Undergrad: 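Questions regarding the structure given below will be posed in turn.
Basis for what follows: all heavy atoms, side chains included, without hydrogens, waters or symmetry-related copies. We count residues from 1, following the sequence as given. Everything numeric here is computed off the predicted structure, so don't read it as measured data.
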Amino acid sequence: MLVGESYPLVHPRAINNRWLEIAPLLERVADPKVTLDDIYTFCMDGTWVLWVRQDPETSQVTDVAVTEFIEYPQVHNLRVIFLSGNDQDWSSGIDIFEKYAGINQCHAIEVHGRKGWERVLKNRGFGLDHITLSKRIL
């Protein structure tokens, strides 16, 4: 986990400890193309990175996200594949992904999601790029 951050990443070895809390939030974004089992497998093998936010008073998981690095021929980007939880929390919490992308020398951050994310993230510098919201980092 990233110490002191509101939305810490979860090391694969720690996923099983919280999976029963995390799974219901991820079930909301899973579909026939990417099942809950697929998400679990890719997070466990390190292909994808799982992030959680928990209530500071109860330690209950309130929001989850899944990210991956995308290698294009000319750039290296961080893609946010799934976000689940409170839209307003993610609007302010997107900073953690921007920091993570910067640390990892990403050219941009991309957010995949429903069209409603454009409304939530447009005041944070994101714009509609086909069906992907993106923000340049470098």
Side-chain angles (χ1 to χ4, degrees):
M1 294 183 157
L2 293 175
V3 179
E5 298 290 354
S6 298
Y7 300 89
L9 61 90
V10 179
H11 191 279
R13 289 184 301 225
I15 291 172
N16 283 332
N17 296 339
R18 303 301 292 270
W19 189 249
L20 290 178
E21 289 180 89
I22 294 165
L25 289 166
L26 288 172
E27 282 178 344
R28 298 183 346 196
V29 296
D31 63 28
K33 294 181 293 188
V34 181
T35 66
L36 186 60
D37 287 340
D38 296 329
I39 296 169
Y40 176 83
T41 299
F42 288 135
C43 289
M44 288 297 289
D45 75 11
T47 302
W48 291 350
V49 176
L50 178 66
W51 303 75
V52 299
R53 179 181 182 276
Q54 52 190 49
D55 183 289
E57 294 177 14
T58 66
S59 296
Q60 179 180 355
V61 174
T62 58
D63 305 280
V64 296
V66 177
T67 62
E68 68 178 334
F69 291 109
I70 298 295
E71 301 296 332
Y72 294 105
Q74 303 301 316
V75 297
H76 170 75
N77 286 356
L78 178 69
R79 179 182 293 164
V80 180
I81 307 166
F82 301 111
L83 294 167
S84 183
N86 183 318
D87 289 357
Q88 293 310 310
D89 285 348
W90 283 120
S91 177
S92 60
I94 202 77
D95 293 342
I96 187 67
F97 302 123
E98 292 176 20
K99 289 177 190 174
Y100 187 67
I103 290 167
N104 287 282
Q105 300 180 336
C106 293
H107 180 264
I109 181 172
E110 306 173 359
V111 178
H112 281 278
R114 64 187 191 279
K115 186 156 172 56
W117 282 108
E118 179 184 19
R119 175 185 40 80
V120 173
L121 296 178
K122 70 180 176 183
N123 66 344
R124 304 287 303 169
F126 285 78
L128 193 62
D129 177 14
H130 300 140
I131 58 167
T132 302
L133 293 162
S134 63
K135 180 178 180 181
R136 189 175 175 145
I137 300 297
L138 295 177

Undergrad: Between CD of E68 and CD1 of I81, what distance do you get to the nearest 0.5 Å?
TA: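 Atom-to-atom, E68:CD and I81:CD1 are 3.5 Å apart.
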
Undergrad: Side-chain contact test, heavy atoms from C-beta onward, threshold under 4.5 Å: evaluate it for I109 versus V80 and give yes or no.
TA: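 Yes, close enough: below the 4.5 Å cut-off.
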
Undergrad: Which ILVMFWY residues are connected to V75, directly or by a chain of links, through side-chain heavy atoms under 4.5 Å apart?
TA: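 I70, Y72, which link up through side-chain heavy atoms under 4.5 Å apart, make up the rest of the cluster.
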
Undergrad: Could you state the interatomic distance from CG (D31) to CG (L36), rounded to the nearest 0.5 Å?
TA: 11.5 Å

Undergrad: Which residues satisfy the salt bridge (Lys or Arg N to Asp or Glu O under 4.0 Å) test with E27, sequence neighbours excluded?
TA: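 Applying salt bridge (Lys or Arg N to Asp or Glu O under 4.0 Å) to E27 gives none.
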
Undergrad: Verify whether one side chain among D37 and T35 offers a donor that lies under 3.5 Å from an acceptor in the other.
TA: no

Undergrad: Could you tell me which non-hydrogen atom of P24 sits nearest to which non-hydrogen atom of E21, and how far apart they are?
TA: CD-O, 3.4 Å

Undergrad: With sequence neighbours left out, write down each residue that passes ring pair (Phe, Tyr, Trp, His ring centres under 6.0 Å) with H107, or none if nothing qualifies.
TA: none

Undergrad: Taking side-chain contact (heavy atoms from CB on, under 4.5 Å) as the definition, give me every residue that meets it alongside Q74, ordered by chain and number, with sequence neighbours left out.
TA: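 side-chain contact (heavy atoms from CB on, under 4.5 Å) check on Q74 returns nothing, list empty.
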
Undergrad: Rounded to the nearest 0.5 Å, how far apart are CZ of R136 and CG of N77?
TA: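 One finds 10.0 Å between CZ of R136 and CG of N77.
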
Undergrad: With sequence neighbours excluded, tell me which residues meet side-chain contact (heavy atoms from CB on, under 4.5 Å) with S59.
TA: Q54

Undergrad: Could you measure the distance from the CD1 atom of I137 to the CD1 atom of I103? Nearest 0.5 Å is fine.
TA: 11.0 Å

Undergrad: Do M44 and L50 touch side chain to side chain, with heavy atoms closer than 4.5 Å?
TA: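 No, side chains not in contact.
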
Undergrad: Any donor and acceptor pair, going by atom type alone, linking the side chain of S84 with main-chain N or O of V64 inside 3.5 Å?
TA: no

Undergrad: In this structure, are over 12 heavy atoms from other groups packed under 6.0 Å from E71 atom CD?
TA: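 Yes - once you tally the heavy atoms of other residues, nucleotides and ligands closer than 6.0 Å, there are more than 12.
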
Undergrad: Does a side-chain heavy-atom distance below 4.5 Å link V10 with R18?
TA: no

Undergrad: Please report the interatomic distance OG1(T67) to CG(L78), rounded to the nearest 0.5 Å.
TA: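 If I round to the nearest 0.5 Å, the distance is 5.0 Å.
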
Undergrad: Using the side-chain contact (heavy atoms from CB on, under 4.5 Å) criterion, which residues pair with I39? Sequence neighbours excluded.
TA: L26, A30, V34, C43, W48, V66, F82

Undergrad: If you define the side chain from C-beta out and look only at heavy atoms, does anything of W51 sit under 4.5 Å from L83?
TA: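 Not in contact.
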
Undergrad: Rounded to the nearest 0.5 Å, how far apart are CZ of F97 and CG of L9?
TA: 9.5 Å

